[in-house]
Amino acid sequence: MRMRAAVLEEFGAPLVVQELELEEPKAGEVLVRLEACGVCHTDLYTASGADPSGYAPTVLGHEGAGIVERMGEGVTSVTEGDRVVTLFSPQCRECIHCEDPRTNICLAIREQQGAGRLPDGTTRLSREGEPIRHFMGTSTFAEYTVMPEIALAKVSPEAPADRACLFACGLSTGLGAAMFTAKVEPGSTCVVFGAGMVGLGAVAGCRLQGAERVVCVDLSEDRLELARGQGATDAIVAGEGTVEQVLELTGGFGADYTFEATGNVAVMRQAVESARMGWGLCTVAGVAGKGETLDIVPRLLITGRRICGSSFGGVKGRDQVPELIDRYLAGEIDVDAFLSHRLALDEVGRGFELMEAQDGIRSVIDYT
Ligand SMILES: NC(=O)c1ccc[n+]([C@@H]2O[C@H](COP(=O)([O-])OP(=O)(O)OC[C@H]3O[C@@H](n4cnc5c(N)ncnc54)[C@H](O)[C@@H]3O)[C@@H](O)[C@H]2O)c1
Ligand SMILES: [Zn+2]
Ligand SMILES: [Zn+2]
């Protein structure tokens, strides 16, 4: 079929919306008609050329929600008409990692996905016979996409697509960091650094876990206000003395759980230093720049603080994205507050501009 998509032709240049060929789904693959797609930093990072593993031409986009149109041979977990959320972090349910509750990092298709191909090593996207590579296994800046069955979460049809798509990346990453990676315990004290999509999700996740105190740290007063709306009990405008302020708020000891959601290694250090002696756990969700390292005093670890990282919030996508969306539908998560702008596919460049200007939390491309 022919369909419209936003193509990264060249690093640093605007995406070009154009018609491409999309082949029918092969065995284990699914054709999805996109309804909505969030515009995320990772798309911009790749488009800018800063990502050393990036490639072009490719169709960007990874925060998609849509409807299953057709299935390739052997597909059993979704059927025509199902509403699905796209997963850049798939769940095959068979590999050693999928079978282990300690991680969500599925091993099934990592290599081909990283190289921009579907699991059989080919692409379904092309232009005048020339293959165009997929991006993050999703390529959702497009009217249609073909994806592996193991990378689609079947979610409630009642979830509006423009809200459901936010669970494809940033929101689930934040919620999951608190709920599945750190497993925040009721009554605890938490500190979240960064109040973007990921940090606000972490604030909501801490609240859902029954945290007693949730401190949010950000440079922007407006974003701290949003954090309050998600359940933050205290807000700190970030600066030099942030760690001291956190220690003051927590009886001199630091927090039971801290979360880093900025991607800044200096903030990661603050997040470690703000964790409590004895058992404080610092969860790092932000993605640092290439070659950057985390600088901390080892004594902080010997005295009982711990650090861990979290990819996609530790969320096992096919099992847990539908559960998170059910909690949203039950009124437990305020997703509307995150949807700032609605754009047409042709306005995807505007989505990047709004993100760079920190205008709103998420712009969503509406295909309907
Ligand atoms: N681990 C994963 O799977 C995963 C998934 C999605 C995004 N991410 C990463 O998470 C990070 C956050 O993503 P986002 O979409 O929320 O980004 P964002 O840019 O919307 O939010 C970042 C926030 O950090 C704040 N900030 C900047 N410097 C700060 C400082 N010194 N102290 C306190 N706050 C500061 C900004 O004001 C902003 O509100 C990024 O690094 C992104 O790449 C990771
Ligand atoms: Zn797996
Ligand atoms: Zn993303």
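All ligand and atom numbering here is 1-based and tracks the order in the structure.
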Asker: Can you tell me which residue and heavy atom of the protein come closest to atom 19 (O) of ligand 1, and the distance to 0.1 Å?
Answerer: His41 NE2, 3.1 Å

Asker: What protein heavy atom lies closest to atom 33 (C) of ligand 1? Include the residue and the distance to one decimal.
Answerer: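 Minimum-distance protein heavy atom for atom 33 (C) of ligand 1 reads Ala238 CB, 3.6 Å.
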
Asker: Taking all heavy atoms of Ala47 and all of Phe352, pick out the closest pair and write down the distance.
Answerer: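 In this case the closest contact between Ala47 and Phe352 is CB-CE1, 4.0 Å.
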
Asker: Counting from 1, what ligand 1 atoms have a heavy atom of Ala285 closer than 4.0 Å?
Answerer: 1 (N), 2 (C), 4 (C), 8 (N), 9 (C), 10 (O), 44 (C)

Asker: Tell me the contacting part of Arg362 for ligand 1: side chain, backbone, both, or neither, using a 4.0 Å heavy-atom threshold, strictly below.
Answerer: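 The answer is the side chain of Arg362.
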
Asker: Looking at Ala161 and Ala36, what are the two nearest heavy atoms and their distance?
Answerer: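 Minimum heavy-atom separation between Ala161 and Ala36: O-CB, 3.6 Å.
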
Asker: Could you tell me the residue and atom name of the protein heavy atom closest to atom 13 (O) of ligand 1, and the distance to it rounded to 0.1 Å?
Answerer: Val198 CG2, 3.6 Å

Asker: Please work out, at 4.0 Å between heavy atoms, whether the side chain, the backbone, both, or neither of Ala266 comes within that distance of ligand 1.
Answerer: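 Ala266 to ligand 1: no contact under 4.0 Å from either part.
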
Asker: Less than 3.5 Å apart, any donor N or O on the side chain of Glu260 or Thr262 sitting next to an acceptor on the other?
Answerer: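 Their side chains do contain a donor-acceptor pair, which is all the 3.5 Å distance test asks for.
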
Asker: If hydrogens are left out, which of Cys169, Ala195, Gly38 has an atom nearest to atom 6 (C) of ligand 1, that is, the closest non-hydrogen atom?
Answerer: Cys169

Asker: Which of the atoms of ligand 1 are close to Arg223, meaning less than 4.0 Å from one of its heavy atoms?
Answerer: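 The atoms of ligand 1 under 4.0 Å from a heavy atom of Arg223 are 18 (P), 20 (O), 21 (O), 38 (C), 39 (O).
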
Asker: Which residue supplies the protein heavy atom nearest to atom 5 (C) of ligand 1, what is that atom called, and how far is it?
Answerer: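 That would be Thr173 OG1, 3.4 Å.
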
Asker: Taking Arg124 as the fixed residue, which of Glu29, Glu21, His134, Glu23 is the one that meets the side-chain hydrogen bond (donor to acceptor under 3.5 Å, both in side chains) rule?
Answerer: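 When side-chain hydrogen bond (donor to acceptor under 3.5 Å, both in side chains) is applied between Arg124 and each of Glu29, Glu21, His134, Glu23, only Glu29 qualifies.
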
Asker: Quick check with a 6.0 Å cut-off and a 45 degree axis cone: is Arg163 positioned over the face of Tyr328's six-membered ring?
Answerer: no

Asker: Could you identify the single nearest non-hydrogen protein atom to atom 35 (C) of ligand 1 and state the distance to 0.1 Å?
Answerer: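 Closest protein heavy atom to atom 35 (C) of ligand 1: Thr262 CG2, 3.6 Å.
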
Asker: What's the shortest heavy-atom distance between Ser156 and Asp326, and which atoms?
Answerer: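 Looking at all heavy atoms of both residues, the closest pair is CB-OD1, 3.9 Å.
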
Asker: Apart from Met268 itself, what residues make up its hydrophobic cluster when side-chain heavy atoms of I, L, V, M, F, W and Y under 4.5 Å apart count as a link, directly or indirectly?
Answerer: Val265, Val272, Val284, Leu294, Ile296, Val297, Leu300, Leu301, Ile307

Asker: Can you tell if the side chain of Leu125 reaches within under 4.5 Å of the side chain of Arg133, non-hydrogen atoms only?
Answerer: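 Of all side-chain heavy-atom pairs linking Arg133 with Leu125, none is under 4.5 Å.
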
Asker: Just need the protein heavy atom nearest to atom 22 (C) of ligand 1, so name the residue and atom and give the distance.
Answerer: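 Closest protein heavy atom to atom 22 (C) of ligand 1: Ala261 O, 3.7 Å.
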
Asker: Taking atom 10 (O) of ligand 1 as the point of reference, which of Gly286, Gly201, Ala271 owns the nearest heavy atom?
Answerer: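 The residue whose heavy atom sits nearest atom 10 (O) of ligand 1 is Gly286.
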
Asker: Establish, from distance only, whether the side-chain atoms of Ser220 and Asp218 form a donor-acceptor pair under 3.5 Å.
Answerer: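 Looking only at side-chain atoms, Asp218 and Ser220 do not form any donor-acceptor pair under 3.5 Å.
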
Asker: Pull out every atom of ligand 1 sitting under 4.0 Å from any heavy atom of Val217, numbered as shown with elements.
Answerer: 33 (C), 34 (N)

Asker: With respect to the Zn ion (ligand 2), please indicate if Cys106 possesses an N, O or S atom at a distance under 2.8 Å.
Answerer: yes

Asker: Return yes when Gln358 approaches ligand 1 closer than 4.0 angstrom through a heavy atom, no otherwise.
Answerer: yes

Asker: For atom 31 (N) of ligand 1, what's the nearest protein heavy-atom neighbour? Residue, atom name and distance, please.
Answerer: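 The answer is Val267 CG2, 3.2 Å.
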
Asker: Ignoring hydrogens and geometry beyond distance, is a side-chain donor-acceptor pair present between Thr250 and Arg276 at under 3.5 Å?
Answerer: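 No, no side-chain donor-acceptor pair sits under 3.5 Å.
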
Asker: Identify which one of Arg2, Arg4, Arg127 satisfies the salt bridge (Lys or Arg N to Asp or Glu O under 4.0 Å) criterion when paired with Glu19.
Answerer: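 Only match with Glu19 under salt bridge (Lys or Arg N to Asp or Glu O under 4.0 Å): Arg2.
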
Asker: Please report the shortest heavy-atom distance between Ala182 and Leu281, naming the atom on each side.
Answerer: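 What the structure gives for the nearest pair is CA-CD2, 3.8 Å.
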
Asker: Quick one: which ligand 1 atoms are inside 4.0 Å of a heavy atom on Gly263?
Answerer: 41 (O)

Asker: For the metal site, I want the angle between atom SG of Cys92 and atom SG of Cys95 with the Zn ion (ligand 2) at the apex, to 10°.
Answerer: 110°

Asker: More than 12 heavy atoms of other residues, nucleotides or ligands under 6.0 Å from CD of Glu292: is that the case?
Answerer: yes

Asker: Return all protein N, O or S atoms below 2.8 Å from the Zn ion (ligand 3), chain by chain in residue order.
Answerer: Cys40 SG, His62 NE2, Cys169 SG

Asker: Of Val287, Asp222, Asp218, Asn264, which has the heavy atom at the shortest distance from atom 25 (C) of ligand 1?
Answerer: Asp218

Asker: Mark the output for Phe312 as yes if a heavy-atom distance to ligand 1 is under 4.0 Å, and as no if none is.
Answerer: yes

Asker: Closest non-hydrogen protein atom to atom 28 (N) of ligand 1, residue and atom name please, with distance?
Answerer: Leu219 CD1, 3.4 Å

Asker: Quick one: which of Gly196, Cys216, Ala288 has a heavy atom closest to atom 21 (O) of ligand 1?
Answerer: Gly196

Asker: Show your working on side chain to side chain contact (heavy atoms under 4.5 Å, CB included) between Leu226 and Gln230 and close with a plain yes or no.
Answerer: CA-CA 7 Å; Leu226 288 175; Gln230 297 298 325; 5.8 Å; no

